[in-house]
There are 2 protein chains.
Amino acid sequence: MNTSNDQQDIKREKILEASYQRFLHYGYSKTTMNEIAGDLSMSKALLYYYFPDKSELYMAVMRKLANDYLKQLEDKLGHFTDLREAFLFQVNTHHDFIVSNYNFFDFFRLNEQNLPDTIWETVSQIRGAEIKLLADAIQAEVEKNNIQPVANPIEIVEVFLDALHGIKVGGSLPHKKLNFPHKEHLDEIHNKRLLLIDIFVKGLK
Amino acid sequence: MNTSNDQQDIKREKILEASYQRFLHYGYSKTTMNEIAGDLSMSKALLYYYFPDKSELYMAVMRKLANDYLKQLEDKLGHFTDLREAFLFQVNTHHDFIVSNYNFFDFFRLNEQNLPDTIWETVSQIRGAEIKLLADAIQAEVEKNNIQPVANPIEIVEVFLDALHGIKVGGSLPHKKLNFPHKEHLDEIHNKRLLLIDIFVKGLK
DNA sequence: AATTTGATAGTTTTGTTAAAAAAGTCAGGA
DNA sequence: TCCTGACTTTTTTAACAAAACTATCAAATT
């Protein structure tokens, strides 16, 4: 209907795409608004016409990525044949999500406290979707009498997700830098998580 | 035999005790050698007569604490009636260890990279003892045919310990500061870990 | 000879300031 | 309504001096 809005949305998308590339390669703090504007051959002021500030721009990109991830989870919700399949799907999808956007999240390594508080809404949203997916799967198995009844599926899933995040590399020689994992370690961590799934799912039977 | 050495050891112990109190209350970086010397009514130079530098002094205190903890684990090694008891003992003992020395470890929160590398030897030693305790318990249960055989008990224990460390607070509202837990959260975390034990041990049956 | 200290040297942390870089604003043009 | 150049404000960086602290050592004490 509103051509003007369509045009706006297209340009907004272009900005998001260019910003994503910059953030993915250089991270938040090493990306300047001038560079993004330069990539698009537009003035920096125009960026501020479409987005209130740098943080909100970053957040908008982040929300787009999150929505893709959320969609993957929602599409599968309730379509699992057993518990193990559900847990495997969650862990694999999450792994792919992190691997393909690894550098985009590099601000997590530093103490970048200057990011907007609204980022935690998105993080919560993602965690909520993950919890829902797995808690539903547990509930379904309980109703099918495949596993014994549990008092609080959500509590169990929260412990499981926390446990997943605890999996690190370097068993015998703990690393000094205990910040989030290096890219080359992601596969090793992924494999350990698969082992955790084996035991955990069996423990719910 | 050597009275001189006995006297040295006594004084060394006194220094360790005074240092422990300071480190426990104020942490590594907020404790000065002058203050420790003042507490003992001795000159700062004398501290350097007994310990080569501040890092080594801190490490000596740390080793003393670690030895107490290791002793608790070793005393119980191989004296468990079932797997659950072993895992519970490990988690409870660890919890008590952290709670009673909480402020001593506060340098972990900051990026205190200026601590001696030898600290990681002690950390490794502790982790090694934890792994041994639990892996032995698993092995014993396997031999008693209480649980099914496992290919690699150590690998399983490592995943378990990592999972334990991943347990955090604030399921719905993730905290900005994702550093190590606040003192008031330790009990909540402890309870979640007990839940993890329930499921994990059952998964090994 | 072993133990202890005051004085002092060397290093790290902290605070200050100026310059540079980047974020963010705005009056006005198309 | 969309867009820009010029401008203001805020943040980062670098340089440097002052303060605090670590570490050393010759000399004194036991």
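Proteins come first, then strands; the chains are lettered A, B, ... in the order of their sequence lines, and each starts at number 1. This one's a predicted model, so the numbers in the text were calculated from it and none came from an experiment. The figures that follow rest on heavy atoms only: side chains count, while hydrogens, waters and symmetry mates do not.
Side-chain contact of B/Tyr26 with B/Asn103: a donor-acceptor pair under 3.5 Å is absent, judged by distance alone. Side-chain contact of A/Tyr69 with A/Glu130: a donor-acceptor pair under 3.5 Å is present, judged by distance alone.
The side chain of B/Asp53 approaches D/dA23 more closely than any other nucleotide in the set D/dT4, D/dA23, C/dA23. Residue B/Tyr49 places its side chain closer to C/dT3 than to any other of C/dA23, D/dT4, C/dT3. Minimum atom distance to the side chain of A/Leu46 is reached by D/dT4, of the listed D/dT22, D/dT4, C/dA23. Distances were taken from every side-chain heavy atom of B/Ser43 (C-beta onward) to each of C/dG6, D/dT22, C/dA22; the shortest belongs to C/dG6.
Counting to the nearest Å, the C1' atom of D/dA23 and the OH atom of B/Tyr58 are 21 Å from each other. One atom, NZ of B/Lys30, and another, C1' of D/dA20, lie 11 Å apart when rounded to the nearest Å. Separating the CD1 atom of B/Ile10 from the P atom of C/dT3 is a distance of 12 Å, rounded to the nearest angstrom. The NZ-P distance, from A/Lys54 to D/dT10, rounds to 17 Å in whole Å. Atom CG of B/Asp9 and atom P of C/dA2 are 15 Å apart (whole Å). Whole-Å rounding puts the B/Leu47 CG to D/dC21 C1' distance at 13 Å. Spacing between atom CG of A/Leu57 and atom P of C/dA22 amounts to 17 Å, rounded to whole angstrom units. Rounded to whole angstrom, the span from the CD atom of B/Gln7 across to the P atom of C/dT3 amounts to 9 Å.
Note: B/His95 and B/His190 have parallel aromatic rings, judged against thresholds of 30 and 60 degrees for the angle between ring planes.
Listed by residue number, B/Lys11 are the residues of residues 11-26 of chain B with a heavy-atom contact under 4.0 Å to DNA chain C.
For B/Tyr58, the ring-ring contact (aromatic ring centres under 6.0 Å, His included) criterion is met by B/Phe23, B/Tyr28, B/Phe104, B/Phe107, not counting sequence neighbours. Listed by chain and residue number, B/Phe87, B/Phe200 satisfy the ring-ring contact (aromatic ring centres under 6.0 Å, His included) test with B/Phe160 (two or more places apart in sequence, or in another chain). For A/Glu121, the side-chain hydrogen bond (donor to acceptor under 3.5 Å, both in side chains) criterion is met by no residue, not counting sequence neighbours.
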Taking only N/O atoms, report every protein-nucleotides 24-30 of chain D pair under 3.5 Å with atom names and distance.
none

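Heavy atoms of A/Tyr50 sit under 4.0 angstrom from primed sugar atoms or phosphate atoms, though from no base atom.
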Step-by-step salt bridge (Lys or Arg N to Asp or Glu O under 4.0 Å) determination, B/Asp162 to B/Arg127: CA-CA 11 Å; B/Asp162 282 354; B/Arg127 187 174 167 104; 3.4 Å; yes
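Between A/Lys64 and A/Asp68 there is no salt bridge, since none of the side-chain N atoms of the basic residue sits less than 4.0 Å from a carboxylate O of the acidic one.
Atom NZ of A/Lys132 is surrounded by 12 or fewer heavy atoms from other residues, nucleotides or ligands within 6.0 Å. Other residues, nucleotides and ligands contribute at most 12 non-hydrogen atoms within 6.0 Å of the CD1 atom of A/Ile154.
In terms of phosphate contacts, B/Gln8 brings a side-chain nitrogen or oxygen within less than 4.0 Å of OP1 or OP2 of C/dT3.
Side-chain atoms of B/Glu35 come within 3.5 Å of backbone N or O of B/Thr32 as a donor-acceptor pair.
When every heavy atom of A/Pro181 is checked against every heavy atom of A/Leu186, the shortest pair comes out as CG-CD2, 4.0 Å.
Between its two ends, the helix from C/dA1-D/dT30 to C/dA30-D/dT1 turns its axis by 30°, counting five pairs per end and rounding to 10 degrees.
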